[in-house]
Visitor: 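Take this structure, written in structure tokens, and hold onto it; I'll ask about it next.
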There are 2 protein chains.
Amino acid sequence: MSRKVLVVDDEAPIREMLVFVLEQNGFQAIEAEDYDSAIAAMVEPYPDMVLLDWMLPGGSGIQIAKKFKQNEHTRKIPIIMLTARGEEEDKVRGLEVGADDYVTKPFSPKELMARIKAVIRRVSPTSLEEAIKVHGLRLDPISHRVTSDGSELDMGPTEFRLLHFFMTHPERVYSREQLLDNVWGTNVYVEDRTVDVHIRRLRKAIAPLGHDRLVQTVRGAGYRFSSKL
Amino acid sequence: MSRKVLVVDDEAPIREMLVFVLEQNGFQAIEAEDYDSAIAAMVEPYPDMVLLDWMLPGGSGIQIAKKFKQNEHTRKIPIIMLTARGEEEDKVRGLEVGADDYVTKPFSPKELMARIKAVIRRVSPTSLEEAIKVHGLRLDPISHRVTSDGSELDMGPTEFRLLHFFMTHPERVYSREQLLDNVWGTNVYVEDRTVDVHIRRLRKAIAPLGHDRLVQTVRGAGYRFSSKL
DNA sequence: ACTAAGTATGACATTTTTATGAAAGTGTAA
DNA sequence: TTACACTTTCATAAAAATGTCATACTTAGT
């Protein structure tokens with residue numbers, strides 16, 4: 001379920017390559033080329049992981065890591081640093097600052113993905129698998145269950161992902177296209193209108209206790225999950 | 001509103017098919033069959049995107065991509081490359097040179113269009129907008145809500161855009177024509193007087209708490225949004 | 001007070017957008 | 001293979017929004 005990886009590297013080709021590899025593996029990549037754009041990515045929706053080049057001009061790689069570790073909301077986001085071969089000192093320094101792992105350039109896609117998955121597996125129990133609860137509607141990613149005031153609600157996989165996305169991104173309108181990108185994935189090609197159908201099924205599924213009101217239509221814009229009715 | 005797509009492919013039938021699909025989807029296509037004609041298209045008005053066949057005779061596809069990425073003005077124009085199935089090496093190479101995505105031949109029109117739209121969406125991200133608040137009237141573009149001292153106000157899409165425009169451009173008179181340009185968009189044919197109707201609807205929508213006084217008529221000139229009553 | 005020009009407003013035919021039921025397609029486990 | 005559970009698309013219904021008009025009001029100038 002971990003999707004967004006922030007890729008920070010000043011060299012465009014390497015960044016592109018990383019993004020390519022990530023997307024091939026079902027991740028969504030966010031790019032940043034320097035300190036400023038990396039910090040700019042420290043907002044909702046937060047990345048689930050950061051791939052950080054240690055060798056940014058001006059040595060700002062370490063600054064970025066520090067920033068992430070200082071911020072309350074981004075503290076637990078794992079960071080994998082990318083280092084040049086032999087820079088042992090950098091590795092130690094990085095791990096001190098809070099990086100969770102490192103990968104030495106040049107690296108193979110396979111190795112990279114293995115590390116990423118390992119790191120995410122290590123931290124996922126806490127950082128993004130917590131149950132979310134809104135208005136008596138509770139979604140637990142671990143047991144993969146949705147309960148409404150105790151009783152379990154039944155829904156399809158897509159509706160579950162849709163609800164999960166909504167509950168982790170409330171009070172915000174999403175266009176059908178954005179929902180497709182975020183819930184279905186970037187390289188899936190389905191009609192915009194298909195979203196309507198799943199919205200309907202999601203509503204029907206959570207309707208029993210009136211929670212369908214949380215999924216709101218915003219005419220001309222898309223849909224919104226909101227506890228403000 | 002990206003429209004122009006440069007199509008570079010040496011095979012006329014494929015080019016025509018691409019052009020056909022693009023035009024069916026509301027894009028304007030510019031054709032090029034080889035290196036020279038592709039480079040010739042690197043002028044104003046620049047295309048908004050490039051569909052590039054990697055397998056051009058003489059391997060010039062990559063040259064074209066390089067040219068685009070070197071030129072200051074065309075550097076940021078996204079490139080989608082068309083590759084034959086299985087040419088993994090080409091894909092990586094292409095992404096290194098700066099291509100934004102690739103589509104494997106043969107491809108379905110649907111897939112192609114989805115990729116194009118995704119790339120364009122990625123390149124022109126919607127800027128994060130902050131909520132604006134005037135005299136207890138609050139408009140939040142993110143959740144797409146307008147609230148007046150807490151309670152939500154209901155209005156149509158056009159009224160929302162109109163209010164948004166007003167709130168971001170206060171204390172200034174706009175003629176009906178200017179409002180049409182800014183809120184409806186240029187090259188939209190509507191009567192000037194239609195603005196009156198939407199002004200009325202907007203006023204009615206925000207009237208409950210007296211905020212309708214913020215939308216002021218300036219006789220002979222147009223309308224103004226002002227907190228000075 | 002009267003007129004001319006500008007503006008406000010209610011009504012309404014049309015067009016757009018959404019909602020929804022159902023068919024068709026996909027994949028999967030028994 | 002046959003069920004079965006989803007997913008996606010399509011057709012159509014339903015709802016909401018839009019642009020125009022006709023008519024009522026206002027205002028400024030005479």
Side-chain angles (χ1 to χ4, degrees), chain A residues 144 146 152-166 173-185 187-207 212-225, chain B residues 26 108-111 113-114 144-146 152-166 173-207 211-225:
Chain A
H144 210 270
V146 179
E152 180 161 5
L153 299 175
D154 189 48
M155 66 182 75
T158 303
E159 284 72 45
F160 183 87
R161 289 201 309 277
L162 185 57
L163 179 59
H164 187 246
F165 176 75
F166 269 143
V173 196
Y174 288 94
S175 68
R176 293 180 175 70
E177 283 194 347
Q178 290 176 310
L179 289 173
L180 285 175
D181 277 354
N182 287 291
V183 178
W184 275 252
N187 11 19
V188 175
Y189 313 108
V190 286
E191 289 290 319
D192 278 12
R193 287 289 148 199
T194 298
V195 174
D196 298 31
V197 179
H198 286 280
I199 286 282
R200 170 177 130 264
R201 289 210 277 256
L202 173 57
R203 279 173 175 161
K204 191 183 278 186
I206 63 179
D212 55 323
R213 290 183 305 166
L214 298 173
V215 178
Q216 304 165 354
T217 300
V218 180
R219 228 154 207 275
Y223 296 95
R224 170 183 58 204
F225 183 85
Chain B
S108 70
K110 183 184 289 183
E111 179 189 353
M113 291 314 304
H144 209 276
R145 275 183 201 265
V146 180
E152 178 159 13
L153 300 175
D154 190 46
M155 66 183 73
T158 303
E159 285 72 47
F160 184 89
R161 290 200 308 277
L162 185 57
L163 179 59
H164 189 211
F165 176 76
F166 270 143
V173 192
Y174 287 94
S175 69
R176 294 179 175 70
E177 281 193 357
Q178 289 176 307
L179 288 173
L180 284 175
D181 278 354
N182 286 291
V183 178
W184 275 252
T186 43
N187 54 28
V188 174
Y189 162 64
V190 243
E191 287 292 321
D192 276 13
R193 287 288 147 195
T194 298
V195 174
D196 298 31
V197 178
H198 285 280
I199 287 282
R200 172 181 129 264
R201 289 176 183 153
L202 173 56
R203 278 172 174 160
K204 189 184 275 185
I206 63 179
H211 291 303
D212 56 322
R213 289 183 305 167
L214 299 173
V215 178
Q216 304 164 354
T217 301
V218 180
R219 201 182 166 77
Y223 297 94
R224 170 184 57 204
F225 184 85

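To find a chain, count down the sequence lines: A is the first, B the second, and so on, and within it residues start at 1.
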Visitor: Checking side-chain hydrogen bond (donor to acceptor under 3.5 Å, both in side chains) between B:E159 and each of B:H164, B:H198, B:R201, which is the one that passes?
Guide: B:H198
Visitor: Which atom pair, heavy atoms only, marks the closest approach of B:V183 to B:T158?
Guide: CG1-O, 4.2 Å
Visitor: Atom CG of B:L162 and atom P of D:dT18: how far apart are they, to the nearest Å?
Guide: 11 Å
Visitor: Take the angle between the ring planes of A:Y174 and A:F165 and call it parallel below 30°, perpendicular above 60°, tilted in between.
Guide: perpendicular
Visitor: Between A:R224 and A:V173, which heavy-atom pair has the shortest distance, and what is it?
Guide: CB-CA, 4.3 Å
Visitor: How many whole angstroms separate atom CG of A:D192 from atom P of D:dC10?
Guide: 13 Å
Visitor: For the pair made of CZ in B:R201 and C1' in D:dT18, what is the distance, rounded to whole Å?
Guide: 6 Å
Visitor: Quick one: B:E191 CD to C:dA13 P, roughly how many Å, whole number?
Guide: 19 Å
Visitor: So A:T194, base contact, sugar-phosphate only, or nothing? Heavy-atom distance under 4.0 Å.
Guide: base
Visitor: Closer than 4.0 Å, any side-chain N/O of A:W184 to the OP1 or OP2 of D:dT8?
Guide: yes
Visitor: Write out a two-atom table: protein N or O, nucleotide N or O from nucleotides 15-21 of chain C, distance below 3.5 Å.
Guide:
residue: C:dT17; atom: O2; partner: A:R219; partner atom: NH2; Å: 3.0
residue: C:dT18; atom: OP1; partner: A:G220; partner atom: N; Å: 2.6
residue: C:dT18; atom: OP2; partner: A:R176; partner atom: NH1; Å: 3.3
residue: C:dT18; atom: OP2; partner: A:R176; partner atom: NH2; Å: 3.3
residue: C:dT18; atom: OP2; partner: A:R193; partner atom: NH2; Å: 3.0
residue: C:dT18; atom: O4'; partner: A:R219; partner atom: NH2; Å: 3.3
residue: C:dA19; atom: OP1; partner: A:R203; partner atom: NH1; Å: 3.1
residue: C:dA19; atom: OP1; partner: A:T217; partner atom: OG1; Å: 2.5
residue: C:dA19; atom: OP2; partner: A:Y223; partner atom: OH; Å: 2.5
residue: C:dG21; atom: OP2; partner: A:R200; partner atom: NE; Å: 3.4

Visitor: What pairs with B:R193 under salt bridge (charged side-chain N to carboxylate O under 4.0 Å, His left out), at least two apart in sequence or on another chain?
Guide: B:D196
Visitor: Within this structure, what is the CG-NZ distance for the pair A:L153 and A:K204, rounded to the nearest 0.5 Å?
Guide: 14.5 Å
